[in-house]
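Written out below as C-alpha cells is the structure these notes cover.
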Amino acid sequence: MATRKRRSVEPSITLCYLSYSILIIVPTSEFSLRNCMIPEPFNYTDKLTVLCYKMGLLAFPSKIPSNVATLVISFNYISEIRKEDLSRLTFLTHLNASNNNISHIQEGAFRDSKDLEELNLSQNRLSNVSRSWLEDLPKLSIIRLDGNLIKHIEPDVFASLSSLKVLNLTDNKLQQIERIQPAFGLNTLQELYIGINNLNIFQSSDVSVTSISLKMLDLSQNLLTKFQITENIFPALEYLDLSYCSHNGNLDWIVPNATMLKKVTTLKLDGVRIPEEKTAAILGTFNTSLYRLRMDDIKPIKPDRLLSDACSSVLRVLHFGENNISSLTKHMIAPCYLLQQLDLTSNNIYHISGKTFMNFTQLISLHLQHNKLTKLNGAFNGLPRLELLDLSANKINKLNCPDFGNLISLRNLYLYNNKLSSVSVCLFKNLKNLQKLKLGTNKLLTISTSFFGVLSNLKYLQLRYNKISSLQKSTFAHLHSLQTLDLVDNQISEIDEYAFEGLGNLTWLSLASNKITKNTIKNKNVFSGLFKLQHLDLNSNYITFDREHLTFPPFVHLKSLHTLAINSQRHHGLQFLPRNLLEGLTSLKIFYAGNLNIRYLYNDTFNNTPHLWHLDLTKNILSDNSALSSQAFHPIPELTRLILSRSGLQSLDFLIKANLSKLSILRASGNKLASINQTLIDSIPRLKFLDLQNNTFPCDCSSAWFIDWSLLNNQTQVLYLNKYICNYPSAMSKNSLEDFNTESCIVDYSFICFLCSSLIVAFTLVVSFVCSFLRWHLVYTYYLFLALLHDRKRKQQHGFQYDAFISYNTQDEPWVIKELLPNLEANQGWRLCLHHRDFQPGRSITDNIIDGIYNSRKTICLITNNYLRSNWCSQEIQVATFRHFDERKDVLILIFLEDIPTRHLSPYYRMKKLVKQQTYLCWPKAGDDTKVFWQKVKMAMETK
Ligand SMILES: *[C@@H]1O[C@H](CO)[C@@H](O)[C@H](O)[C@H]1NC(C)=O
Ligand SMILES: *[C@@H]1O[C@H](CO)[C@@H](O)[C@H](O)[C@H]1NC(C)=O
Ligand SMILES: *[C@@H]1O[C@H](CO)[C@@H](O)[C@H](O)[C@H]1NC(C)=O
Ligand SMILES: *[C@@H]1O[C@H](CO)[C@@H](O)[C@H](O)[C@H]1NC(C)=O
Ligand SMILES: *[C@@H]1O[C@H](CO)[C@@H](O)[C@H](O)[C@H]1NC(C)=O
C-alpha cells in the first residue's frame, strides 16, 4: 500500500496516468499464501518449505514463493500438473504431490525444476509414465509412483535421469515384468519397489538387461507362481522382499545357480505359505550369505524344521512373529543359537521353558512382546550379551528374583502393558547396566524406597498408567543417573517433601494426569533436589489456588527449569495465576498455561522469569479488556512466541505498549478480534507468523488496512488469510475476508490525479474552442448576465436618472458636442448620459456602460463605420439590445451618421437584426435641413 501511495503522487499528468495503469496490473506479493503455510522456523530469504496439504485444493496454488525448495501439496484433489504450476520454482528440490487425483502431467511440467531431487506422485491416478514430463532432471534421485494405475512405462523414459536411485512402482497395474524393463535397465538404480502389481511370473529372461547397481528389490504381494533366475541380472542385489508372494500355497523357485544371488543378505518371506520343504529350497539358495531373515506370518506346521533350515551359520537376525508358537522350547530354537537378534512378536506364546536361551551367548536383542506369558521361569539365564529384552504386552503378573538373574549387559528392559502389581527389590540387583526401564501400564500401587536401589545407571524410568498414589521421601534416592521420569496417569495425590531427592541428573519429569492438588505441592521442599530439571509437566491435575500470594511458591528450587506445563487443571481450573507462582524459575523459557479458565494476569506474574520465550495461554477466559495489560509483558522482553488461541480476546491492544520487540510468532485464532490496525502491527516489529483464523473480522473498510497489509507485506506470514470468513455484513457471511475489495476504501490519489488532469485538459480544450470560435457569444452572454443583475436592481428603483444614454465612438465626439448636445439638451431639454462626461471615474467601463444604459430611458446609438469597429460600442449595443428585448420596450434609437451599406452590416449580426426590425434615423446629407431630423429624434425620445 505504501508503494501505491508513493507512486501515485507524481505531479505530471502523463506519469499520473501511466502509474494508474501500472497499478491495475501490480501482482500481489508472493508472501501472502493462499491455502499454504511456511512452517516455522523460516527465513523468507532462504529456501523455503511450503506446506499445502489437506486444503481441498483442485489445482496448484498460484502464489507459491519462487524460493520454495520443498513443496508438499499432498491430500488434495488436484487432477493435473500443468506446465505453469511449477515454472518459476527453479529451486524446488522436493515435491510431495501424493494422494491427489493426478491423471495427467503436461509435457515439460518439471522443465524449470532442474534441481528436483525427490518427486512423490504416489496415490494418484496416473496410467503411464511418459518421457514428456520426466525429461532431463539430472538431480532426481527418488521417484514415488506407488498407488497409481500405471500399466505402461515408455521405453526410454528414465534415460535422461542420470541420478535416479530409488523408484517406487508399488501398487500399480504393470502385470508383466517386461513392462518394467525400462527400470531394470537403469545403471544408477539402487532400489526398485514393484510390489502389488499383479505380476504372476518373475523370470530373468523377461528382464534381459542387467541391473548393475540394484541393491534392493521389493516384489511383495505379487501372487507369483514362478520365480526363476537363470541369468545374472542382479549382480549387486542385497535385499529381496518376497513377502506374501506365494500363490495358492505355491511358489516355484528356480534358481539353479545360487551364486547369482550370493550377495543377498536380507530376505523377507513374510506370509509366504508354502510347504516347508519348498521354503527350505528357497533358503538353501542363500545359506551362505543370509544375515537377516523375516518369516513372520507363514504359519508353519513344523516350526522346528523351518527354524533349523533358516538358522544357518551366518544368519544373525531372525523375525519369526505371528506364527502361532504357543510354547517355546529349548529344542525348537536351539539351532538358532548364533543369532544376535530374535523377534518372536505376536505368537501367542504362553510358556517358555527354563533355560530356553541357555546357549544364546551372542544374542543382543530379544523381542517377545504381544504374547501370553504370565511368568518367565528363569528362561533368560545365560544371555551374557543381551542388551534389549522386550516383554511388553504379555500377561506377566509376577516376577521372581532370578528371572533376570545375570543379564549383566542388559540396557533396555520393557515390561509395560503387563499385570504386575508389585516388583520385588531383588529383581534388578544384577542389572548394573540397565539404562531404560519401562514399567508402564501395569498395576503398581506403590514404589518402595529401596525399589530401584541398585539401578545407579538407569537413565529412563517409565511408570505411566499405574496406580501409584503417593511418592515418599527419597523414593528415587539412588537413581543418580536418572534423566527421565515418567509418572503420567497415576493416582498421585501426595508427594512428600524431598520425594525427588537424589535425582540430581533428572532433566524431564512428568506428573501429568494425576491427582495433584494445591495441597500436594504446598510444602516448601516438594521439588527440592531437582537441580537439573528442565522440563516439568503437571498437566491435567487438580490444582487450584485461592490466594493471590502463595506462602511457599512450589517451584523455587527449580533453577534450571526450562519448560513448565500446567495445562488443563480439572474441575474449575486455576482462574488466576498467583503473583508468585513462578518464583524461582529464573531459567524458564516455555510456559504452558492453557485451558485453565484464567480470567486475568497480574502485572507481576512474570517478574521472576526474565527469559520467558514461549507463552501459551490457549483456551482461557481473557475476554475482559483489562485481562491482559501491557505491563504484564514488560518483565519478559525476550518473548518470541505468544499463543492466545480460543481465549475470548476482543482486542490485542495490550500489545501496543507491551514492548515485545522480539515477538515473532503470534497465534490468536478462535477469538473475537474484529480489527488489527497499523499501530498494533508496528508495535511487534519482528512478527513473522500471525495466525488469526476464526476471528470476527468484518468485511468492511475497518479491515482494509489489515487485508492489504496481510497481502502485501513481505515479512509476516498471515496464516490462511483466504480462510478468514466475513463476520459482518451478514450478506457477505460466506465470503472470504481476503476477497473483500479494499480498493473502495482507499483514497486513491492516483485516480483523483487522473481525474483532475482529465478535467483540466477538457476544460482547456473547451475554453480554447470557445475563445476562438464563439468569443462574441461568450462576451455577449457575460453582459447579458450582468445586465440581468442590473435589471433586477433597476426594477426595484423608480424613475430614470437620464433620458438617454448616448452610445458613440470617440472619433464621432465632435458631432456629439457640436450637434447633439445643443439640440437635445439645450433645445429639447433632455438629460443625456455621455461617457466622456458622466461616467464615474474609478468604476469599470463595463459597469458604467450598464449603469448608464439602465439609468436612462432610451439608448441612442450613433452608428458610423468607426462605431461598428469598436469593441466598447458593440458592448453597449449588446447591453442595450438585451434591455430592448427583455423589457419589450422601445429603448433603442439608432442614428446612422454615415451611409452604411447593408452588406457592411453583415459581420455585425446583432446590429443587422436590429436594423431590420427597427426604424432608424439617418443624419441628413451635408446641406440638407436638420430640423426635420431633430424633430424625428424628439418624437422617438417621447415614445414610452
Ligand atoms: C508426503 O507423501 C507421503 C505419501 O507418499 C505421505 O505419507 C506423507 O505424509 C506426505 N507428507 C505430508 C506432509 O503430507
Ligand atoms: C513404496 O510404496 C509403498 C506403497 O505405497 C510404501 O508403503 C513404501 O513405504 C514405499 N517405499 C518407499 C521407499 O518409498
Ligand atoms: C549425574 O550422573 C553422573 C553419571 O551417572 C554421576 O557421576 C553424577 O554424580 C550425577 N550427578 C548428580 C548430581 O547426581
Ligand atoms: C489502533 O488502535 C489503537 C487502539 O484502539 C489506537 O490507539 C490507535 O490510534 C489505532 N491506530 C490507528 C493507526 O488507527
Ligand atoms: C520487503 O519490502 C521492503 C520495502 O517495502 C524492501 O525494502 C525489502 O527489500 C523487501 N524484502 C524482501 C525480502 O523482499
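Both counts, for ligands and for their atoms, begin at 1 and track the order of listing. If you're wondering where the values come from, they're calculated on a predicted model, not measured in any experiment.
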Subject >> For Tyr193, the ligand 2 atoms whose distance to one of its heavy atoms is below 4.0 Å >> reply: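 Near Tyr193, the atoms of ligand 2 are 13 (C).
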
Suppose we measure from [atom] to each protein heavy atom; which comes out shortest, and what is that distance?
atom                    : value
atom 6 (C) of ligand 4  : Asn677 ND2, 4.2 Å
atom 7 (O) of ligand 2  : Arg144 NH2, 4.8 Å
atom 5 (O) of ligand 2  : Asp146 OD2, 2.5 Å
atom 10 (C) of ligand 2 : Asn168 ND2, 2.4 Å
atom 14 (O) of ligand 3 : His480 O, 3.6 Å
atom 4 (C) of ligand 4  : Asp653 OD2, 3.3 Å
atom 2 (O) of ligand 3  : Asn505 ND2, 2.0 Å
atom 11 (N) of ligand 4 : Thr679 OG1, 2.5 Å

Subject >> Ring centres under 6.0 angstrom apart (Phe227, Phe202) >> reply: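 For Phe227 and Phe202, the ring centres are under 6.0 Å apart.
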
Original post:
How long is the span from the NE2 atom in His535 to the CG atom in Leu506, to the nearest 0.5 Å?
Top reply: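 Between His535 NE2 and Leu506 CG, I get 11.0 Å after rounding to 0.5 Å.
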
Subject >> Straight-line distance of Leu511 CG to Asp537 CG, nearest 0.5 Å >> reply: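 Reported value, rounded in 0.5 Å steps: 8.0 Å.
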
Original post:
Which ligand 3 atoms are under 4.0 Å away from a heavy-atom of Ser481?
Top reply: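 Selected atoms, number and element: 5 (O).
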
**OP:** Decide if atom OH of Tyr53 counts as having more than 12 heavy atoms of other residues, nucleotides or ligands within a radius under 6.0 Å.
**Re:**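 Not buried by this count: 12 neighbours or fewer within 6.0 Å.
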
**OP:** Could you tell me whether a side-chain N or O of Ser587 sits under 3.5 Å from a main-chain N or O of Lys559, the two making a donor and an acceptor?
**Re:**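 Between the backbone of Lys559 and the side chain of Ser587 there is a qualifying donor-acceptor contact (under 3.5 Å).
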
Original post:
Would a distance-only check, ignoring hydrogens and angles, find a side-chain to backbone donor-acceptor pair under 3.5 Å from Asn120 to Ser122?
Top reply: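 Yes; at least one donor-acceptor contact below 3.5 Å.
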
Subject >> Test applied, side-chain contact (heavy atoms from CB on, under 4.5 Å); reference residue, Leu214; option that passes from Leu192, Leu186, Thr188 >> reply: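 For Leu214, the side-chain contact (heavy atoms from CB on, under 4.5 Å) test succeeds with only one of Leu192, Leu186, Thr188, which is Leu192.
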
